[in-house]
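What you see is a predicted model, and the numbers here were worked out from it, not measured in a lab. Chain letters run A, B, ... following the sequence lines, proteins first and then strands; every chain starts at 1.
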Amino acid sequence: MHARLTREFFRRDPVAVARALLGQRLVRVLHGQRLAGLIVETEAYLGIPDKAAHTYNGRRTPRNASMWGDGGHAYVYFTYGLHHCCNVVCGRAEEPVAVLLRALEPTEGLDVMRRHRKAHMPDTNLCSGPAKLAQALAIDRKLDGADLVAGDTLFLERTRSRCVAASRIVASPRIGVDYAGEWAARPLRFHLRDHPHISRA
DNA sequence: CCCGTGATTTAT
DNA sequence: TAAATCACGGGG
């Protein structure tokens with residue numbers, strides 16, 4: 001059996017978690033079948049002071065409630081009227097910080113993922129964006145709040161490599177947050193250098 | 001590049 | 001009421 005990432009892994013600041021998640025495996029169990037991929041792109045959202053975060057200025061709504069819970073749970077939200085995105089809640093309860101999962105290199109269940117994604121496309125495009133990976137892995141609001149440590153439908157496995165070399169990680173501004181003033185430019189997006197499955201170069 | 005899509009939150 | 005949003009796919 002593959003080892004899971006532990007609760008304490010997630011109970012840290014989101015920048016540390018965003019970096020440490022690169023190379024780890026996201027697993028979705030659907031109808032008894034594993035759909036999985038290696039995480040190659042993430043973004044850290046720093047909570048109350050972060051103008052780009054859903055919990056900026058202490059916002060607490062039905063949508064973002066799970067961000068206020070303990071680390072190691074999922075925060076899945078619906079946006080633009082048609083897309084889901086999957087975050088990993090970090091820190092501890094009442095510390096509303098998270099990491100957005102932005103891209104995977106799919107490794108298990110690719111046939112099912114291709115079926116979930118509508119259009120025909122090369123495999124490098126299957127999970128190369130936050131809404132794409134959610135669609136490929138059938139992640140929606142029903143999984144909001146799911147326990148990523150003890151649950152059995154959505155979880156994270158520690159890969160053999162444990163972590164990737166810091167020199168292989170590129171930090172850059174987050175995508176789609178130009179409205180966020182000084183927070184828009186901060187290097188809180190992380191991805192594996194030159195990886196073919198990232199959402200954009 | 002622009003456009004349509006359209007749930008949810010926040011501002012007006 | 002109305003505008004804005006942690007996107008995507010398809011068409012110029």
Side-chain angles (χ1 to χ4, degrees), chain A residues 10 13-19 21-22 26 37 39-69 71 73-91 95-106 113-146 148 154 170-191 195-201:
Chain A
F10 301 103
D13 76 87
V15 171
V17 175
R19 288 178 163 277
L21 278 173
L22 295 176
L26 178 69
I39 296 169
V40 299
E41 180 180 339
T42 58
E43 280 177 359
Y45 285 85
L46 275 50
I48 294 169
D50 182 355
K51 263 189 119 169
H54 286 170
T55 51
Y56 170 63
N57 201 25
R59 283 184 211 142
R60 191 194 291 248
T61 66
R63 180 174 72 158
N64 70 20
S66 56
M67 269 192 81
W68 292 86
H73 293 78
Y75 166 44
V76 180
Y77 67 88
F78 188 55
T79 191
Y80 289 103
L82 50 163
H83 298 302
H84 293 276
C85 296
C86 181
N87 295 253
V88 170
V89 178
C90 301
E95 190 182 354
V97 294
V99 170
L100 173 65
L101 303 180
R102 284 198 57 91
L104 306 178
E105 175 188 333
M113 293 189 202
R114 290 189 199 100
R115 206 175 311 140
H116 290 164
R117 301 271 288 118
K118 305 296 184 187
H120 183 259
M121 62 194 66
D123 289 346
T124 50
N125 199 25
L126 264 185
C127 299
S128 58
K132 295 178 186 178
L133 77 86
Q135 185 177 52
L137 273 59
I139 294 171
D140 61 24
R141 284 284 289 175
K142 292 193 295 295
L143 287 172
D144 181 52
L148 302 173
L154 185 66
V170 178
S172 57
R174 294 171 293 184
I175 304 294
V177 299
D178 293 344
Y179 60 88
E182 72 232 49
W183 286 86
R186 292 184 54 157
L188 295 173
R189 173 188 182 224
F190 304 96
H191 65 83
H195 200 284
H197 292 264
I198 61 179
S199 64
R200 61 173 91 167

Is the shortest side-chain N/O distance from A:R59 to OP1 or OP2 of B:dT9 below 4.0 Å?
no

Taking 4.0 angstrom as the limit, do A:D123 and A:R117 come out as a salt bridge?
no

Map A:N125 and A:A52 onto DNA chain C by nearest heavy atom, then report which one ends up closer to the 5' terminus.
A:A52

Which part of the nucleic acid, if any, lies within contact of A:Y80, taking any heavy atom under 4.0 Å across all strands shown: a base, the sugar-phosphate backbone alone, or nothing?
base

Hey, does A:A53 reach any base, or is it just sugar-phosphate, or nothing, if we go heavy atoms under 4.0 Å?
base

What's the base orientation of B:dG4: syn (chi within 90° of 0) or anti?
anti

With nearest nucleotide decided by heavy atoms, which residue, A:P62 or A:L82, maps closer to the 5′ end of DNA chain B?
A:L82

Selected nucleotide, minimal atom distance to A:F78 side chain, candidates B:dA7, C:dA7, B:dT10
B:dA7

Between C:dA7 atom P and A:R117 atom CZ, what is the distance in whole Å?
14 Å

What is the distance, rounded to the nearest whole Å, between atom CZ of A:R63 and atom C1' of B:dT9?
6 Å

Considering only NZ, NE, NH1 and NH2 on the basic side and carboxylate oxygens on the acidic side, decide whether A:R102 and A:E43 come within less than 4.0 Å.
yes

A:R63 charged N/C atom sitting above A:Y75 aromatic ring, 6.0 Å / 45°
no

Rounded to whole Å, how long is the line connecting atom CG of A:N87 with atom P of C:dA7?
10 Å

When you compare C:dG10 with B:dA7, how far apart are their C1' atoms, in angstrom units rounded to a whole number?
22 Å

Within the structure shown, what part of the strands sits under 4.0 Å from A:R141 by heavy-atom distance: base, sugar-phosphate, or nothing?
nothing

Compare side-chain N and O positions of A:R200 against OP1 and OP2 of C:dA7 and report whether any pair is under 4.0 Å apart.
no

Tell me the interatomic distance from A:L101, atom CG, to C:dA7, atom P, rounded to whole angstroms.
13 Å

Spacing between A:Q135 atom CD and C:dA7 atom C1', to the nearest angstrom
11 Å

Note, A:L101 side chain near A:P130 side chain (heavy atom, < 4.5 Å)
no

Give one of base, sugar-phosphate or nothing for A:A131, where a contact means two heavy atoms less than 4.0 Å apart.
sugar-phosphate

Would you say the side chain of A:L188 lies within less than 4.5 Å of the side chain of A:Y45, judging by non-hydrogen atoms?
no

OP1 or OP2 of C:dA7 less than 4.0 angstrom from a side-chain nitrogen or oxygen of A:R102, does that happen here?
yes

Side-chain donor-acceptor contact under 3.5 Å, A:N64 with A:T55
no

Reckon A:R174 touches a base, only the sugar-phosphate, or nothing at all at heavy-atom distances under 4.0 Å?
nothing

Taking only the side-chain nitrogens and oxygens of A:K118, find out if one of them lies under 4.0 Å from OP1 or OP2 of C:dC8.
no

Check the distance between C:dA4's C1' and A:K51's NZ and give it to me in whole angstrom.
13 Å

If you measure from the C1' atom in B:dT8 to the same atom in C:dG9, how many Å do you get, rounded?
22 Å

Between atom NE2 in A:H83 and atom P in B:dG4, what is the gap in whole Å?
15 Å

Considering Watson-Crick and G-U wobble pairs with both distances under 3.5 Å, what does B:dG6 pair with?
none

For the pair made of CZ in A:R189 and P in C:dA7, what is the distance, rounded to whole Å?
11 Å

Please give the distance between the P atoms of B:dC3 and C:dA4 as a whole number of Å.
15 Å

Check the phosphate of C:dA7 against A:T79, side-chain N and O only, distance under 4.0 Å to OP1 or OP2. Yes or no?
no

